[in-house]
Amino acid sequence: MKTQLLTPKDTSRAARILRSGGLVGIPTETVYGLGANGLDPLAVRSIFQAKGRPQDNPLILHIPDPSWLELYCRDIPEAAWRLARRFWPGPLTMVLRRDPAVPDEVTAGLNTVGMRCPAHELCRAVIEAAGVPIAAPSGNTSGKPSPTSVADMLEDMNGKIDAILDGGSCQVGVESTIIDMTAATPRLLRPGGVPLEELRAVLGEVELDPAILRPMEEGEKPLAPGMKYRHYAPKAPVIVVKGSPARSAAYILEHLSPTYWDGVICFDEFADWYPSHPVERLGGALDHWENARRLFHALRAMDEAGVKRIWAQSPDTAGMGLAVVNRLDKAAGFHIVEV
Ligand code: TXA
Ligand code: MG
């Protein structure tokens, strides 16, 4: 299959492909998604094939306007509407009780569905033109870092999908925050583009799913099925070094192998500490938004440099830091050094 590269003026073409059951790479403010008509079971099934995604991992349904929520969900709590008013359109996914209109292929048989109204204008324009909700996981091959540009998405999906719509590089850079609104107390399933502190400011109490900060034990099940898989991982093994930025930078310097092909992902302040190694910058140590924006590209760039091992500095968990820490820990399979 030849994958067409579409530009913003091709919105209606992208919508036509989606309506006729095709797969289109679509830009969102978080990461690029791999979209299909969310009401077409066959089209949804082909997403799993293109990504090599496990069948038990449900997809998020994307809508152009919060009012569509009522078409696909039941028993929507008042708190969910409060979140929608505050954060939509934007990088927030709410897990809600599903309506039978949503195919089993989308929800992997669960009685809930993840709903998101993205902020990216082009993305919403395509969904509106298609006139159907769009099921879309991140546009990477399963297990790899999510794509934050057309080039990243082409690398994984060229020849496997009908088209990719170029909407520039993603402003948030990590995926949406996922919150389960079906429990008595709302529960954070995945940290992302809306920080936990902001959710708490609207909702009061929010619980954290244990899968966010530690690996799952044998037989333990995270509530977001996708959180159990090795994820966001480049080819080379990653070691995350936690502690104050100066200490972690010094630890990496001490432990870099002079002969082994080690790469470093570090904050800008330390970028010239490792002159004989491939280095990717995460932005300033205190700029967690910039850290999020750059993280997935940095992981992919390490693979392009062909390094055999990756050392990475990690921010603290305040604000957007929690999402960055979660992605780094998973990319490293929780291979973490505390200094
Ligand atoms: O920012 C994003 O959310 C991107 C863009 C494309 O919108 N999408 C994305 O989708 O990250 P994906 O499929 O890569 O990750 C969705 C996560 C998975 O971990 C999945 O298990 C979880 O959401 N999920 C989806 N539906 C769920 C449900 N009904 N209950 C619990 N978890 C769910
Ligand atoms: Mg994903």
Side-chain angles (χ1 to χ4, degrees), residues 24-36 38 44 47-48 50-64 72-73 87-99 102-120 123-124 126-127 133-148 152-153 156-157 164-165 167 170-183 186-194 209 211-212 216 221-233 292 296 323 326-327 330-331:
V24 180
I26 46 172
T28 85
E29 72 280 21
T30 57
V31 300
Y32 273 74
L34 176 47
V44 173
I47 292 179
F48 287 82
K51 275 183 69 93
R53 181 177 175 105
Q55 294 288 342
D56 69 345
N57 196 359
L59 304 176
I60 294 170
L61 215 47
H62 297 71
I63 53 178
Y72 306 109
C73 301
F87 298 110
W88 278 1
L92 179 71
T93 297
M94 291 194 271
V95 171
L96 294 162
R97 195 161 297 283
R98 77 190 261 211
D99 186 271
V102 181
D104 281 338
E105 281 76 4
V106 171
T107 65
L110 297 176
N111 59 6
T112 57
V113 59
M115 300 294 300
R116 161 153 139 79
C117 176
H120 199 295
C123 178
R124 283 211 315 284
V126 171
I127 306 172
I134 299 299
S138 50
N140 50 290
T141 300
S142 203
K144 290 212 351 177
S146 302
T148 51
D152 289 351
M153 180 132 192
D156 285 15
M157 291 298 152
I164 301 179
L165 178 61
C170 301
Q171 287 307 299
V172 177
V174 295
E175 300 85 349
S176 62
T177 298
I178 304 180
I179 187 160
D180 182 357
M181 295 304 291
T182 65
R187 179 179 282 241
L188 184 73
L189 304 187
R190 178 177 74 181
V194 172
D209 195 67
I212 292 170
M216 294 287 87
K221 268 199 191 148
L223 287 172
M227 294 288 275
K228 71 173 173 270
Y229 297 107
R230 181 165 183 262
H231 223 142
Y232 316 117
F296 286 146
N326 168 259
R327 304 307 189 274
K330 288 192 185 277

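On a predicted model such as this, the values are computed, not experimentally measured, just so you know. Order of appearance sets the numbers: ligands from 1, and atoms from 1 within every ligand. We number each residue from 1, following the sequence as shown.
If you check which protein heavy atom lies closest to atom 32 (N) of ligand 1, you get A224 CA, 3.4 Å. The protein heavy-atom contact nearest to atom 27 (C) of ligand 1 is P58 CG, 3.5 Å. Protein heavy atom at the shortest distance from atom 6 (C) of ligand 1 is G33 CA, 3.5 Å. Looking only at heavy atoms of the protein, atom 14 (O) of ligand 1 is closest to S138 OG, 2.9 Å. When hydrogens are left out, the protein atom nearest atom 18 (C) of ligand 1 is N57 OD1, 3.6 Å; that is the closest non-hydrogen contact. Closest protein heavy atom to atom 19 (O) of ligand 1: G226 CA, 3.2 Å. Regarding atom 31 (C) of ligand 1, its nearest protein heavy-atom neighbour is L223 O, 3.3 Å.
Side-chain contact check for Y232 versus E175: some heavy-atom pair is nearer than 4.5 Å. Side chains of M157 and K51 form a contact here, defined as non-hydrogen atoms less than 4.5 Å apart. Residues V95 and I178 are in side-chain contact: their nearest non-hydrogen atoms beyond the backbone lie under 4.5 Å apart. Counting heavy atoms from C-beta outward, V113 and C73 have side chains that approach closer than 4.5 Å. At least one side-chain heavy atom of L61 sits less than 4.5 Å from a side-chain heavy atom of Y72.
Around atom 4 (C) of ligand 1, the closest heavy atom drawn from D56, L96, V31 belongs to V31. Among T30, I178, I47, the residue whose heavy atom sits closest to atom 23 (O) of ligand 1 is I178.
Residue-level proximity to ligand 1 for T107 is absent, since no heavy atom of it falls below 4.0 angstrom. With a heavy-atom cut-off of 4.0 Å, R98 does not touch ligand 1 at all. Looking at T112 against ligand 1, both its backbone and its side chain come within 4.0 Å, counting heavy atoms. With a heavy-atom cut-off of 4.0 Å, R53 touches ligand 1 through its side chain alone.
Across all their heavy atoms, G193 and V172 have their closest contact at CA-CG1, 3.8 Å.
Using a 3.5 Å distance cut-off with no hydrogens or angles, the side chains of R190 and T93 do not pair a donor with an acceptor.
At least one heavy atom of P225 sits closer than 4.0 Å to an atom of ligand 1.
Between R190 and ligand 1, at least one pair of N/O atoms sits closer than 3.5 Å. Between H62 and ligand 1, at least one pair of N/O atoms sits closer than 3.5 Å.
The side-chain hydrogen bond (donor to acceptor under 3.5 Å, both in side chains) test with T28 singles out one residue from R124, H120, Q171, R116, and that residue is R116.
For ligand 1, the atoms sitting less than 4.0 Å from at least one non-hydrogen atom of S176 are 1 (O), 2 (C), 3 (O), numbered in the order shown with element in parentheses. The ligand atoms of ligand 1 that sit less than 4.0 angstrom from a heavy atom of V113 are 29 (N).
At a cut-off of 2.8 Å, S138 coordinates the Mg ion (ligand 2) through an N, O or S atom.
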